[in-house]
Amino acid sequence: MMMPMEEKVDLESDEEIPFSASATRKKVHPFDSEINIASHVDMSKSWILKRIQMGPLRSIYIVLIKAKINMLLPFGPLAILLHYLTGKHGLVFLLSMLGITPLAERLGYVTEQLAFYTGPTVGGLLNATFGNATEMIISIYALKSGMIRVVQQSLLGSILSNMLLVLGCAFFSGGIANHQKVQVFNKAAALVNSGLLLMAVMGIMFPAVLHFTHTEVHFGKSEMALSRFSSCIMLIAYGSYLFFQLKSQPNLYSPVDELQGGVNDPEDSDDEEVPEITQWETIGWLAILTLWISILSGYLVDAIQGASDSLNMPVAFISVILLPIVGNAAEHASAIMFAMKDKLDITIGVAIGSSTQISMFVIPFCVVVGWCMGQPMDLNFQLFETATLFISVLVVAFMLQDGTSNYFKGFMLILCYLIVAASFFVHVDLEKDNN
């Protein structure tokens, strides 16, 4: 009995010692080390690839180098340099326009990337907000200098440019790129925006009518009081609209494809819906591009009067037509980009949403800010400008009422904008002449 036990113990010990020492070195340990080394190599490779694919260097390359339009980026610093070295305001104005154009296009691209994470409704709202940040900064800067007519005309021009030119180019480009089918968008959301634009026209029209009919109780004071009261009401209405859009009735602003149960192929949509940069990188780039655009816009505004004299153009034409085209370049590029990809709901959110935001938020906000600064900023945009805005809103409202888009609608909107541009080229700003 003892011998077998001893032999058993010896066998166990003999088996254990080689297994823990020599056998481990020869068989098991090399195998485990290969597994560990391979796993570490794979982990390091995946980490390096992730760092390269989603790192800051790749983000800089995608945003600032990859697109061919970025060749115009050096014109921005060159415009600032010429502003301090020379007195050629016309050249500074043109170079500033060229320098802002690629920044605005990149702003539209970054907002499109952010729309992958936020959805089309919030993405369109963010695009309109960051696109209009330039106009707000320019307006506050001009208000401090007492340039009230420049503020009014540039904001009016932004509304007209977004409604007619941006939306027209988007419909035209989208219709050409998708000529084999009828492009559709959410009609209910578009009609809500049209109603808000008409409400903004009402708020802007009444002070002008009160002024030109000479029916004020207190001349000058009643018009200003009505403008400030209407501005507060318009701000409340826009805040309610945001709550209605994002919280109360978000299904109303869902894309048409979602409402119809996803008609498109899911595989194709999955292949397309791949962001190139991360969410936090998009937020950082939005802040950087908006700041740089705002800086260049300040030099652009300073060169307006000198450019008007050197280029022999009316200041009203520069303020209403040329300046908003540059300021709305972000909306212009992104709206066309989305329309060509058959994402018209984001296009409507960018173009019409931007017009709604300017008319219902930026203009009343400037009136309130001017009130705090002691500047007589009001909603009296003069009779000619108010009539132009009213007719333009009616034309766009009729274009949006059926919920479809084609290249002919876009072509008509572009022609309407050309008529507006020609009218402001021959228009004399009586208010400025009187001042």
Side-chain angles (χ1 to χ4, degrees), residues 124-125 128-129 131-140 142-143 148-163 189-212 216 221-249 253 320 324 327-328 331 348-373 375-383 385-394 396-397 400:
L125 179 63
T129 301
N132 294 330
T134 302
E135 281 86 348
M136 290 187 65
I137 295 174
I138 291 176
S139 300
I140 295 174
L143 276 176
I148 296 176
R149 285 299 290 165
V150 172
V151 175
Q152 292 178 334
Q153 290 176 343
S154 62
L155 293 179
L156 173 71
S158 296
I159 300 174
L160 296 174
S161 175
N162 278 306
M163 286 194 307
L191 291 179
V192 171
N193 281 281
S194 300
L196 285 172
L197 287 172
L198 287 172
M199 180 181 177
V201 170
M202 182 178 69
I204 294 174
M205 179 181 292
F206 286 163
V209 172
L210 192 67
H211 175 78
F212 285 99
E216 299 175 84
K221 296 182 179 180
S222 299
E223 171 193 341
M224 185 65 65
L226 178 62
S227 297
R228 291 169 177 172
F229 177 79
S230 300
S231 297
C232 295
I233 297 298
M234 291 162 71
L235 289 174
I236 294 173
Y238 187 73
S240 303
Y241 162 70
L242 292 181
F243 177 79
F244 177 79
Q245 180 184 20
L246 300 177
K247 296 293 183 182
S248 178
Q249 298 289 333
Y253 292 86
V320 178
N328 293 331
E331 292 94 330
I348 298 297
V350 170
I352 303 301
S354 181
S355 299
T356 304
Q357 192 176 67
I358 293 174
S359 58
M360 293 294 292
F361 176 73
V362 179
I363 291 177
F365 178 77
C366 289
V367 173
V368 175
V369 171
W371 188 6
C372 298
M373 290 181 179
Q375 297 288 348
M377 173 72 182
D378 57 11
L379 295 178
N380 180 13
F381 279 45
Q382 304 303 311
L383 196 59
E385 287 89 338
T386 305
T388 303
L389 178 62
F390 178 60
I391 298 299
S392 300
V393 170
L394 287 182
V396 173
L400 298 177

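Along the sequence shown, residues are numbered consecutively beginning with 1.
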Should Q382 and F212 be marked as a side chain to side chain contact (heavy atoms under 4.5 Å, CB included) after you check the CA-CA gap, both sets of side-chain angles, and the distance that decides it? CA-CA 8 Å; Q382 304 303 311; F212 285 99; 3.1 Å; yes
Could you go through the side chain to side chain contact (heavy atoms under 4.5 Å, CB included) check for M136 and V369 one step at a time? CA-CA 11 Å; M136 290 187 65; V369 171; over 6 Å; no
Quick one, E385 with V320, criterion side chain to side chain contact (heavy atoms under 4.5 Å, CB included). Give me CA distance, side-chain angles, the key distance, then yes/no. CA-CA 10 Å; E385 287 89 338; V320 178; 5.7 Å; no
Please step through side chain to side chain contact (heavy atoms under 4.5 Å, CB included) for the pair L394 and L198, ending with a clear verdict. CA-CA 8 Å; L394 287 182; L198 287 172; 4.1 Å; yes
Given side chain to side chain donor-acceptor pair (under 3.5 Å), test N380 with Q152 step by step and report yes or no. CA-CA 9 Å; N380 180 13; Q152 292 178 334; over 6 Å; no
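Within the model, atoms CE of M224 and NE2 of H211 stand 11.0 Å from one another, a figure rounded to the nearest 0.5 Å. The line from OG1 of T356 to CG of N162 is 9.5 Å long, rounded to the nearest 0.5 Å. Here the straight-line distance linking atom CD of Q375 with atom CD1 of I140 works out to 12.5 Å at 0.5 Å rounding. Taken from CG in D378 to CD1 in I204, the straight-line distance is 11.0 Å, to the nearest 0.5 Å. The structure places CD1 of I236 at 11.0 Å from OG of S231, a figure rounded to the nearest 0.5 Å. Interatomic distance, CD of Q153 versus OG of S158, reported as 11.5 Å (0.5 Å rounding).
The minimum heavy-atom distance linking A237 with M199 is given by the pair CB-CE, 3.6 Å. Closest heavy-atom contact between L226 and L210: CD2-CD2, 4.1 Å. For S359 against I159, the heavy-atom pair with the smallest separation is CB-CD1, 3.7 Å. Between E223 and P207, the shortest heavy-atom contact is CG-O, 4.1 Å. In terms of heavy-atom proximity, S139 sits nearest to C366 at CB-SG, 3.5 Å. Considering every non-hydrogen atom in both M163 and S355, the closest pair reads CG-OG, 3.3 Å.
Checked against side-chain hydrogen bond (donor to acceptor under 3.5 Å, both in side chains), S161 has the following partners two or more places apart in sequence or in another chain: N328. Residues passing the side chain to side chain contact (heavy atoms under 4.5 Å, CB included) test with F229, sequence neighbours excluded: I233. Here F365 pairs with F361 under the ring pair (Phe, Tyr, Trp, His ring centres under 6.0 Å) rule; sequence neighbours left out.
Here the options are L379, L196, V367, I363, the test is side chain to side chain contact (heavy atoms under 4.5 Å, CB included), and the partner is M234; only L379 passes.
With ring centers used as reference points, Y241 lies 6.0 Å or more from F244.
The shortest side-chain heavy-atom distance between L400 and I348 falls under the 4.5 Å cut-off.
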